[in-house]
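Numbers here are sequence positions counted from 1.
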Amino acid sequence: MSWSKNFRFAFMPVILLSVFILPWWVTAILILVGSFLFKIFIEGVLISILIQLFYGRDSGPIYLNAILLAIIAITLIEFVLKPRLRL
């Protein structure tokens with residue numbers, strides 16, 4: 001196994017624990033960091049959906065939900081802007 005895969009396996013439990021222990025915006029920052037560390041970080045999108053399921057509001061318009069906006073922003077950064085950046 002390469003260094004990246006080993007770090008990825010160590011990084012995932014940290015993010016999963018942060019979903020339950022830390023505020024959602026800390027987890028969003030960790031997911032954003034993970035999207036820049038790893039070439040394809042689809043787990044971040046899945047964990048963002050998990051956050052939405054646990055902490056999302058049931059009432060009100062969905063476009064006002066901050067967590068959903070964070071999910072969209074992280075996905076756009078990962079799939080649209082990241083390939084254009086030279087990292």
query: Under the side chain to side chain contact (heavy atoms under 4.5 Å, CB included) test, which residues partner L16, sequence neighbours left out?
result: I47, L50

task: Quick one: list whatever passes side chain to side chain contact (heavy atoms under 4.5 Å, CB included) with L22, sequence neighbours left out.
output: S18, V26

- prompt: Got a sec, which pairs hit salt bridge (charged side-chain N to carboxylate O under 4.0 Å, His left out) with one end in residues 41-54, sequence neighbours left out?
  reply: R8-E43

- line: On a heavy-atom basis, the closest approach of T27 and V19 is OG1-N, 3.7 Å

- request: Group every Ile, Leu, Val, Met, Phe, Trp and Tyr by side-chain heavy-atom contacts under 4.5 Å, then state whether L46 and W24 land in the same group.
  value: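 Shared cluster, no.
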
query: Testing L30, L37, I31 for side chain to side chain contact (heavy atoms under 4.5 Å, CB included) with V33, which one passes?
result: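 Filter result, single survivor: L37.
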
